[in-house]
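Please read the structure below before turning to the comments.
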Amino acid sequence: MNHNQSQNCSVLLIDDEAMAEDLIGYHMSHQAGIRLRYDNRAELAVQLCRETEATVVLVDLRMPGADGFDVIRMLRATPDTEQVPIILLSSEDGADIKARAFSMGANDYLVKWPEARELEARIRYHSAAYQARLERDAAFLELRQREEELRASQAALHQSQKMEAIGQLTGGVAHDFNNVLQIIGGNLQLVKMIGGVNQQGLARIDNALNGVERGARLAAHLLAFARRQPLQNAVVALAPLLANMDDMLRRLLGPRAVVVTDIAPQLWNTEVDVGQLNNVMLNLAINARDAMHGEGTLTIRARNEPAGAPLPDNHGDSTCDYVLIEIADTGAGMPQEVLQRAFEPFFTTKPTGQGTGLGLSMAYGFVKQSGGEIALQSTEGEGTCVLIYLPRSLAAASTDAPAPLQPLSGGVETILVVEDEEDVRSSTVDLLAALGYEVLSSEDAEQAARLIEEGARIDLLFTDVIMPGRVSSMELSELVRRKLPQAQILFTSGYAEGVLSHDGKLPAGVHLLHKPYTAETLSARIRHLLRQRSVNAV
């Protein structure tokens, strides 16, 4: 038994005769660690026990009104006093009365008046036992809490590992899918450029190209979930960006839905890919519209969350400042089993053909890749709220506007195309040749490096990122920079994992064109880089 515990006794004495305090209090007042409180109001036993934080109650058996048995009954019937030790004091020494006292819950029974040292010893014993019980219960409670926290952490780890495994799989699938789309789209664009196709045929080609574009969006969503989509980040002021979405969201939700925006003043800046953020907001708005069946209220809230504010599921860095965006709807809400799987790609509760199940998964991957946190709050029948935490940026917001897409244009410069997929390489070479360029091609970086070493003069290197062979695309680009410092370099990939991106962001000065790309996009990027080459050469 802990010696310190045995010294801290709070004794509540309940007796109808005040001389009881004198008889007991004189001795107790000279003993270290014992505090005595006397009261004659037995009917207030529970209240007095709480006020004194009693570790032992001494109570007289025979009193007018409520007696010692009533005190035992009251204390044992109250949860926070049911375990407090009770010593019954009585002038009666009969076995029957003692048996009744113990059966009702008394811890001890003393005949008045016990010798002072014996009474002190019993008080200390019962008080220490009670305090030890409290410590044991607190330890068990803490243990249960730690076990719950451990189970929650293990579940979060399992979910994180599952999402990472799914992300690796979807990233690889998206890469191969993008290459297939590039083959289809590139050849269709070549057919259009060659000409000789009637109007009905052109309409069919355009329909097929629309299908390629839809497939590219699906692949982009997969890569966003997998956090393998290189982000074109810029520092932005969220307040005007969110405010400008108001009209678009109203049109998207329809006339029976209400859009409410609640943006806090002096909202902090954040560094984010604006195009991807717009996609996330649109996908979440579509989910909300479907959940509300076209009517209800969609609320967009934004506020600053300073360091130290609690983050969802205790994830993220609580020492950082965040900007919080909430997208809340008044729809049907989600049951718990759906809520746990909501971020998984292709998981949807919508009927077949009415949803891809990629909206929330894309949002999850984008926010995580942007260094933020995302969480769902939902109650069946009451609606759903998506919480997006984006890290604060102290830099000033960028004012650069995206350049408009230019019409198809070509040139006479020399371009080296490096692509291990033969069908992709063939369609790209033919496309660039049709635009007037002198085109060289290689099936891997090693073959392209030999061309450069042997003296080939090029104006632009257009190379896939991920290729087999002993020479990587990055090593090839470094060789071109050494041998031909005026040449421009444009990378392309359907999946640039671990090669170009640092924390999911493109390094400064690196130019990347995502597959599948259109003829217009490719020609515009090449002309832009070649114009830069001309300016730098002056």
Side-chain angles (χ1 to χ4, degrees), residues 174 177-199 201-221 223 229-232 273-276 278-279 400-419 421 423-441 458-465 488-496 506 510-535:
F177 187 44
N178 276 331
N179 272 333
V180 172
L181 291 174
Q182 186 59 55
I183 294 168
I184 298 170
N187 282 285
L188 288 170
Q189 290 160 2
L190 275 172
V191 171
K192 286 186 69 175
M193 290 176 64
I194 292 170
V197 182
N198 60 30
Q199 288 301 316
L202 286 173
R204 295 290 184 184
I205 291 173
D206 287 336
N207 283 340
L209 287 172
N210 287 336
V212 170
E213 187 178 346
R214 287 177 59 191
R217 285 198 296 269
L218 286 175
H221 287 175
L223 287 171
Q229 184 88 320
L231 299 177
Q232 306 281 349
D273 186 316
V274 175
Q276 290 280 3
N278 282 331
N279 285 339
D400 294 338
L405 193 62
Q406 299 296 321
L408 203 62
S409 59
V412 294
E413 293 89 348
T414 301
I415 298 175
L416 173 56
V417 175
V418 187
E419 170 63 64
E421 286 274 353
D423 291 335
V424 175
R425 185 174 68 253
S426 173
S427 64
T428 302
V429 168
D430 290 345
L431 176 60
L432 293 174
L435 292 173
Y437 294 106
E438 182 72 27
V439 185
L440 305 177
S441 68
I458 64 171
D459 300 293
L460 184 139
L461 169 67
F462 183 49
T463 178
D464 191 17
V465 171
Q488 294 294 305
I489 299 170
L490 177 58
F491 292 98
T492 183
S493 182
Y495 176 62
L506 289 178
V510 172
H511 304 284
L512 176 69
L513 180 61
H514 298 286
K515 293 178 182 176
Y517 45 80
T518 65
E520 291 80 8
T521 304
L522 176 61
S523 71
R525 290 295 295 274
I526 287 176
R527 288 317 311 162
H528 174 72
L529 290 173
L530 290 175
R531 278 195 296 271
Q532 280 189 342
R533 174 177 178 271
S534 301
V535 170

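This is a predicted model, so every value here is computed, not measured.
- Taking every heavy atom of both residues into account, Ser427 and Gln182 meet most closely at OG-O, 4.4 Å.
- Shortest non-hydrogen contact noted between Ser441 and Val429 is CB-CG2, 3.8 Å.
- The shortest side-chain heavy-atom distance between Leu529 and His511 falls under the 4.5 Å cut-off.
- Interatomic distance, His528 NE2 to Leu530 CG, rounded to the nearest 0.5 Å: 10.5 Å.
- Taking both residues in full, the closest heavy atoms of Leu522 and Leu431 are given as CD2-CD2, 3.9 Å, listed atom of the first, atom of the second, then distance.
- Between Leu432 and Ile526 the shortest heavy-atom distance is CD2-CD1, 3.5 Å.
- Within the 4.5 Å cutoff, no side-chain heavy atoms of Thr518 are placed close to those of Val212.
- Side chains of Arg531 and Gln488 form no contact here, defined as non-hydrogen atoms less than 4.5 Å apart.
- Side-chain contact between Thr463 and Phe491: present, with at least one pair of heavy atoms (C-beta onward) separated by less than 4.5 Å.
- Here the straight-line distance linking atom CG of Leu435 with atom CG of Asp430 works out to 11.0 Å at 0.5 Å rounding.
- From Asp459, atom CG reaches atom OG1 of Thr414 across 5.0 Å, with rounding to the nearest 0.5 Å.
- Side-chain contact between Val197 and Lys192 is absent, with no heavy-atom pair separated by less than 4.5 Å.
- Between Val439 and Thr428, the closest side-chain pair of non-hydrogen atoms is not below 4.5 Å.
- You'll find the side chain of Leu460 stays beyond 4.5 Å of the side chain of Glu413, heavy atoms only.
- With sequence neighbours left out, the side chain to side chain contact (heavy atoms under 4.5 Å, CB included) criterion links Val180 to Ile184.
- Interatomic distance, CG of Leu461 versus CD1 of Ile489, reported as 5.5 Å (0.5 Å rounding).
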- Step-by-step salt bridge (charged side-chain N to carboxylate O under 4.0 Å, His left out) determination, Lys515 to Asp464: CA-CA 10 Å; Lys515 293 178 182 176; Asp464 191 17; 3.6 Å; yes
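- Looking at Glu421, its side chain never comes within 3.5 Å of a backbone N or O of Asp423 through a donor-acceptor pair.
- For the residue pair Ser493 and Leu512, the shortest heavy atom distance occurs at N-CD1, 4.0 Å.
- Here the side chains of Leu513 and Phe462 are in contact, with some heavy-atom distance below 4.5 Å.
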